[in-house]
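Below is one structure, written out as structure tokens; comments come after it.
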Number of protein chains: 4
Amino acid sequence: MSGSRERPLRADAARNRAKLLDVATEVFTTRGVDVPTEEIARAAGVGVGTLFRHFPTKEALLAAVMVRRLEAIAAGAADLAAGAEPAEAFFDCFRLVVDRSEGKNEFTQALAAAGVDVHASLQEPTTAIRAQLTDLLAGAQRAGAVRADLGLPELLALLVGTGATMEQLRDDPAARERIYEVVFDGLRPH
Amino acid sequence: MSGSRERPLRADAARNRAKLLDVATEVFTTRGVDVPTEEIARAAGVGVGTLFRHFPTKEALLAAVMVRRLEAIAAGAADLAAGAEPAEAFFDCFRLVVDRSEGKNEFTQALAAAGVDVHASLQEPTTAIRAQLTDLLAGAQRAGAVRADLGLPELLALLVGTGATMEQLRDDPAARERIYEVVFDGLRPH
Amino acid sequence: MSGSRERPLRADAARNRAKLLDVATEVFTTRGVDVPTEEIARAAGVGVGTLFRHFPTKEALLAAVMVRRLEAIAAGAADLAAGAEPAEAFFDCFRLVVDRSEGKNEFTQALAAAGVDVHASLQEPTTAIRAQLTDLLAGAQRAGAVRADLGLPELLALLVGTGATMEQLRDDPAARERIYEVVFDGLRPH
Amino acid sequence: MSGSRERPLRADAARNRAKLLDVATEVFTTRGVDVPTEEIARAAGVGVGTLFRHFPTKEALLAAVMVRRLEAIAAGAADLAAGAEPAEAFFDCFRLVVDRSEGKNEFTQALAAAGVDVHASLQEPTTAIRAQLTDLLAGAQRAGAVRADLGLPELLALLVGTGATMEQLRDDPAARERIYEVVFDGLRPH
DNA sequence: CATGAATGAGACTTCATTCAT
DNA sequence: CATGAATGAAGTCTCATTCAT
């Protein structure tokens, strides 16, 4: 699962990489993608050189941040899926993914703008989530809780879109709840 | 309301401004927001100076492009609203706005990243659409075609979000159609 | 004296030229030489084109402003010279020139920076002052009020330099007066 | 007093900074303040980026050049002051400052035009000279070689103004000498 | 392996000057 | 003759990336 990549990575190097990722996540999320690399390095307490040793380009850093978020989401989803009956698992997982997607769009776009094939470069880490969602969707459909004519692509698109919807309603929890009602109602058969 | 601005604008100036807007719309939409101003000027057949005379900053150009798109959408929406029964008018208009929203997110984000208060600077031109949507929504609710607990904010958020959903399914019209079914089903009472 | 140049100049054209000169004098003096030509034109109530019709380059405008000031100074000097005994006339005139030189340095330098041979382009209009100063100096020297070994070049240089000195003491009239004492004392024989 | 600033500065960085300062001094003095930064960088054998790393704005570079010149002047003045009797020390120092002031006005004005508070930003490095001049002046006055009613402000103004005077007589050493006689005579009591 | 100085292409913008209206 | 839109060279500054220390 968390297969070993390259060499084991020395202790301090690993610490630097982690700090960099933490800072980048924080900074990109709160201040946008245009923050200079140098600033991120400084905030992480390392030189730019170190940043570029770990992430050969800025895009690579961006991608790594995304991957990390996706992995976190996947972990959460795994817990939920393990739990209860199919329908509940599906809808709970939907909520989880959406709630954690905050700001994800900006990354995706920044990556795309940089000419990176997002689908390709994020393929592997996303696989876990994809697999889980496929299972959850199938289970919910088998249980008659979700329209049978929907596939994984529609589900993924809907997750992204609902995330975007929610971002517009950041300050109104009640409204967000109503949106969930609309979307979940729409997902059910008929 | 949509009153005349400043002076009538000389013939060639108007032509240049229009060309600039055309080119910018095209370029920003297809190649993203990071295209150099100089390239836009060249593509429009004018010098950079001319571009900056018409739009004092790049953001101003970006905003102008958005405004233009919104105005076009508003015009289309007006035609639909004039037409038929409330429910149909509402759903048709929803589709129209979503279909024309392609790529709009990127603009909004670019503007926001530049520190522009999008809501403020685009307020006026958006007002037309807002008003129409308010009417359409009210009409559809009165006709019992849409849940009564939804307000304009939710509608707007849903329009944005559905647009984002659709962008993920750019190449699959059938899937897009299924999304519309989901969302429209969800919007109906119960 | 005010010899006719070129054509007689139509009434409105003359008015424009005068307004332009007034505004330029005001603006250059208060806000420096880097003010855009367009702004000067606007302040004068004309288009840039008109400005450039009257003054083929910005330097030409700068030079014209200087000329005008010098002419004003010359006029004032003439009045004084006409008056009393040689020594008094000389020293009064010295004061007059210095007092009116405020900010003149900036112009001279701007012109020089633009590669204009100031001495050459201002030769003619300065001639009047030069002639007067030559006479005044000679008179004062004959009267034994000024060292005999000084020539016009030294006098001109001293006028410029004393102007610069005074600009440093803009806010201290008493100090300025002491400077005059120093310089005038120094000018007297022994 | 002339305490170390920030970090020790790496060897190559120090070399570049020095070269930049040398070139800038040379170029600004001979060709004026309007020389493009890029040209200065090229002449110093570095990229523009390096220039801007050392001096965040062009004004900063200008100011640094001035500071350097003032420091050089102060050093020379210190030597003189150490030497002989008060009167001689004073007048020699006056000459020194004036002779080294060549072109200094242009800098001051460029800085002022850029909205920099020259007095403030150059305060510290000037302090050394101020202190020395204060001492020299007091000494010369005590020795009865200079009018007692003059203060430091007048002296400084006179230094600037005499510099301006001398610049007009760049090519006539004999005339310059006569100016010194005039000014020094004027400075003596009576 | 870390550091941060150096690089230099390129971004945005200004402005003197020209020329169609 | 006046106007002001158009021009485009040039200027200052930023920032991802490289490389000497």
Side-chain angles (χ1 to χ4, degrees), chain A residues 9-10 12-13 16 34-42 45-61 114, chain B residues 7 9-17 34-42 44-61 114, chain C residues 9-10 12-13 16 34-42 45-61 114, chain D residues 7 9-17 34-42 44-61 114:
Chain A
L9 215 52
R10 251 169 45 182
D12 55 346
N16 278 341
D34 284 340
V35 185
T37 46
E38 181 139 14
E39 200 162 328
I40 293 173
R42 185 167 43 241
V46 304
V48 250
T50 303
L51 188 158
F52 277 91
R53 167 166 297 275
H54 286 293
F55 309 97
T57 66
K58 193 182 188 181
E59 301 154 31
L61 176 58
Chain B
R7 316 197 181 175
L9 210 54
R10 237 168 57 183
D12 55 347
R15 207 171 24 246
N16 280 337
R17 200 191 135 91
D34 284 340
V35 187
T37 43
E38 182 139 13
E39 197 166 331
I40 294 174
R42 189 170 35 244
V46 305
V48 246
T50 302
L51 190 158
F52 277 92
R53 166 173 282 271
H54 285 292
F55 309 97
T57 65
K58 192 182 186 181
E59 301 154 32
L61 176 58
Chain C
L9 215 51
R10 252 168 43 181
D12 56 345
N16 278 343
D34 283 341
V35 185
T37 47
E38 182 139 15
E39 200 161 329
I40 294 174
R42 186 167 42 242
V46 305
V48 249
T50 304
L51 188 158
F52 277 91
R53 167 166 297 274
H54 286 293
F55 309 97
T57 65
K58 192 182 189 181
E59 301 154 32
L61 176 59
Chain D
R7 316 200 181 173
L9 209 55
R10 239 167 56 182
D12 55 347
R15 207 169 26 244
N16 279 338
R17 199 191 136 92
D34 283 341
V35 186
T37 43
E38 182 138 14
E39 197 166 330
I40 294 175
R42 188 168 36 245
V46 304
V48 246
T50 302
L51 189 159
F52 278 93
R53 166 173 282 269
H54 286 292
F55 309 98
T57 64
K58 191 182 188 180
E59 301 155 30
L61 176 58

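Since the model is a prediction, treat every value here as computed from it, not as a measurement. Side chains included, hydrogens not; waters and symmetry mates left out as well; all remaining heavy atoms used. Letters A, B, ... mirror the listed sequences (proteins, then strands); counts begin at 1.
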Decide yes or no on side chain to side chain contact (heavy atoms under 4.5 Å, CB included) for L61(B) and I40(B), but give the supporting numbers first.
CA-CA 10 Å; L61(B) 176 58; I40(B) 294 174; 4.2 Å; yes
Could you run through nucleotides 6-15 of chain F and give me one letter per nucleotide, 5' to 3': B if any protein heavy atom sits under 4.0 Å from the base, S if only the sugar-phosphate is that close, - if neither?
BBBB-SSBBS
Considering all heavy atoms of both residues, which atom of F52(A) and which atom of K58(A) are nearest to each other, and what is their separation?
CE2-N, 4.4 Å
Atom of H54(A), atom of N16(A) and distance for their closest heavy-atom approach:
NE2-CB, 3.9 Å
Distance, nearest 0.5 Å, that separates CG of D12(D) from CZ of R17(D):
14.0 Å
Counting Watson-Crick and G-U wobble pairs with both distances under 3.5 Å, what is the dot-bracket string for DNA chain E, 5' to 3', using [ ] for crossing pairs and | for pairs to another strand?
.||||||||||||||||||||
Between P on dT14(E) and CD1 on I40(C), what's the gap in Å once rounded to a whole number?
17 Å
Go through the structure and list residues passing side-chain hydrogen bond (donor to acceptor under 3.5 Å, both in side chains) with E39(D), not counting sequence neighbours.
R31(D)
